Amino acid sequence: MSQWNIESPTTEYYDHNSPGLEAIVREVTATPEVAIDTETTGLVVWKDVPLYWSLAWGNRRMTLNVSVLHYFSEAFADPNKRWIFANAKYDAHILANVGVRIAGKLVDTQVQHALLYEEQSHRLKDMNQHLFGWKWQDFQDTFGKITKLFSPTDLIRRAEAENFALLCEYAANDAWGTLQIYEELRTQLQRAPTHSLFRDHPLNIQTLWDLFDRVEVPYTSALWTTERNGVKVDLGYLESIAPTAVAEIEDLERAICKEAGTVMNPKSTKQLREYFFDKLQVKPLKMSKGGKTGVRNPSVDERFLAHYEDEIPMAKMLLRHRSLAKLHGTYITGLRDRVDPHGRIHTRFNQDVARTGRLSSSDPNMQNIPKPENDKWKLRGAFVAEDGYDLSVVDYEQLEMRLLAAASGEQGMIDVINKGWDIHMGNASMIFGMPYEEIKAAKNTPEDQLTARQHECLAARAAAKNIGFGLIYGMGPKKLAGTLNITEAAANAKISQFKEAYPAVEAFTKEAVAETEQTGYAFTILGRRRNVPEIASHRRDERMRGERIAVNTQIQGSAADVVKMAQILLHKSGIDKRFGARPLLQVHDELMHEIPKDYSAQADVEIREWMEHPFPIDLVVPLGVSGNLGNSWLEAK
DNA sequence: TTAGCGGGCGCG
DNA sequence: AAAGCGCGCCCGCTAA
């Protein structure tokens, strides 16, 4: 039965009784690249297990019973073998859950696809449709919808009993299709030349295939280990704040209904609009985006509420309610429900989502845990080191600004960094001609003792900081004026001063836009590229957005490259074997590790070392890092 | 019941 | 005229 692909070979099936099993084991052991997939009990990486698995190589495809997995231990233990997956980390977790550790390379077709077609879906069946132009029935099309009543296990068990051939065919096809996609994308990646700073250096990245094979493939393994470790949670801490939070939120809800004079749900923007704009006839500050339907409504967001908090009691109450409800819903119950039996949370680090090459984190998202300054319950304190371990938390300091300095070659900014100055203070000093020491003194003076001149110094630093970020993000003068609470004319004047002080930065942004206009792409340091079709749009607003993306992707994407290389080098360094150090989290410019106390000081120094030197050659500016050891995320930062 | 959208907001 | 980049999750609401 070949209902999916008329050119595919016949599907084989093996269990422990199959006479050909030994020959298959020998062949898999000897084959350098093998595609592999699992059919599993579910999607939870620390819990679910395989029910069937499948392999494909050359002109063979087969489904296998889980009972024969251990016959392949030699193949799984081979560090040089390349295992081809669609969603590699997931399958590697599922296999690890039944004791199968993969020593070989985790080669992920979804990551391949993301390097070439970042705007498309990288799901296996969608990649097939996109690359080969035919629709392939997915799991739910084949076996039925996964619902509360029917788990993946139920559906597979049903197919097992009713149509085993279909089950075998489906499973084998996942591995087979993955292999076809791998080979097609390998060719495409090899034919895609790219611009990398490391073209003629040891990394020697000349094509997107080089980038994939030398950077993204080892990165998948580093991330797998990170996900597998998971971060330890102090459940008692979460449990202890939950009831207080609920009580506080309920009190507020009662008070809000009383103030409204009727039963209302403060989480309903619809009801809030009725209250503010129909009942009270308040003037809206702005309209919402509208989205696909194009229906724009007056906004009741935080800025609106803050604007009216002194005049309208309800606004103030809602502000408190919003922040408490967010913390409770997303971070207290949301995290509590995802803790594994060992008290650890295993996020997923998605390597194929962000268009700039950054990671994203999901299930749960560990990259948006509130900062202590915005969090009355200090939830970061709930992420702790295991007994006998320390947490090491190391951040890059102003990584994107440093990369802007390096990419532009702006000597003024490079000097500021080389002097070890605070970048925003240094920039303020350069741009507005104020002595650095004076700004520094102002920053260290208590709020209530500031002189008028010192206020000016602090305003200068804030301006320099926002113009700097604004440059990276493409912020306009209007937005800057709003952020700094100054007039648009004043904002324009400050932007001009910045450009005069740092002409090479201005030239860099122009050059970035010109390159993207010419090639259609924005490139990062390592040669990752992002298609920017907006830059050729006939619509001015789209084109402007394309220009912002052209500049931002170079900086944000290169920052992602830096952290990515640091993670890869750390993974390869043997710091785990020498010191027992475990990677736990990456939060864009920050790495968290868990290290046995006896070695934590030593390992922490080595982590900083790798982070500061992520490339075969150093950049023209140092990459400064800072951080601490501690018992929790709160302590170690 | 489920799926998708919009609004809002947490992080870098 | 207006113009901030990159993510993921919660909730309410509506349609199927």
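This is a predicted model, so every value here is computed, not measured. Proteins come first, then strands; the chains are lettered A, B, ... in the order of their sequence lines, and each starts at number 1.
- Taking the ring centre of A:Phe150 as origin, the terminal cationic atom of A:Arg158 falls inside the region bounded by 6.0 Å and 45° from the ring axis.
- Among the heavy atoms of the strands, none lies under 4.0 Å from A:Arg348.
- Looking at A:Tyr219 and A:Gln567, their side chains do bring a donor and an acceptor atom within 3.5 Å of each other.
- Within the nucleic acid shown, A:Glu590 has no heavy atom closer than 4.0 Å to any nucleic acid atom.
- At least one side-chain nitrogen or oxygen of A:Lys148 sits closer than 4.0 Å to the OP1 or OP2 atom of B:dT2.
- Formation of a donor-acceptor pair under 3.5 Å by the A:His346 side chain with backbone atoms of A:Arg228 is found in this model.
- When ring centroids are compared, A:Trp224 and A:His93 come within the 6.0 Å threshold.
- If you check every strand for non-hydrogen atoms under 4.0 Å, A:Lys326 touches a base.
- If you check residues 366-379 of chain A against DNA chain B, the residues with a heavy atom closer than 4.0 Å are A:Gln367, A:Asn368, A:Ile369, A:Pro370, A:Lys371, A:Asn374, listed by number.
- Here A:Val300 lies in heavy-atom contact (under 4.0 Å) with sugar-phosphate atoms only.
- Both tests pass for A:Arg529 against the ring of A:Tyr521: distance under 6.0 Å to the centre and angle within 45° of the axis.
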Task: Canonical and wobble pairing (Watson-Crick, G-U, under 3.5 Å) of DNA chain B, dot-bracket with | - done: ||||||||||||
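- Looking only at atom types and distance, the side chain of A:Gln556 has no donor-acceptor partner in the side chain of A:Glu400 under 3.5 Å away.
- Taking the side chain of A:Arg548 as heavy atoms from C-beta on, and the options C:dA1, B:dG7, C:dC5, the nearest nucleotide is C:dC5.
- Using bins of under 30°, 30° to 60° and over 60° for the plane-to-plane angle, the ring pair A:Phe498/A:Tyr502 lands in the perpendicular bin.
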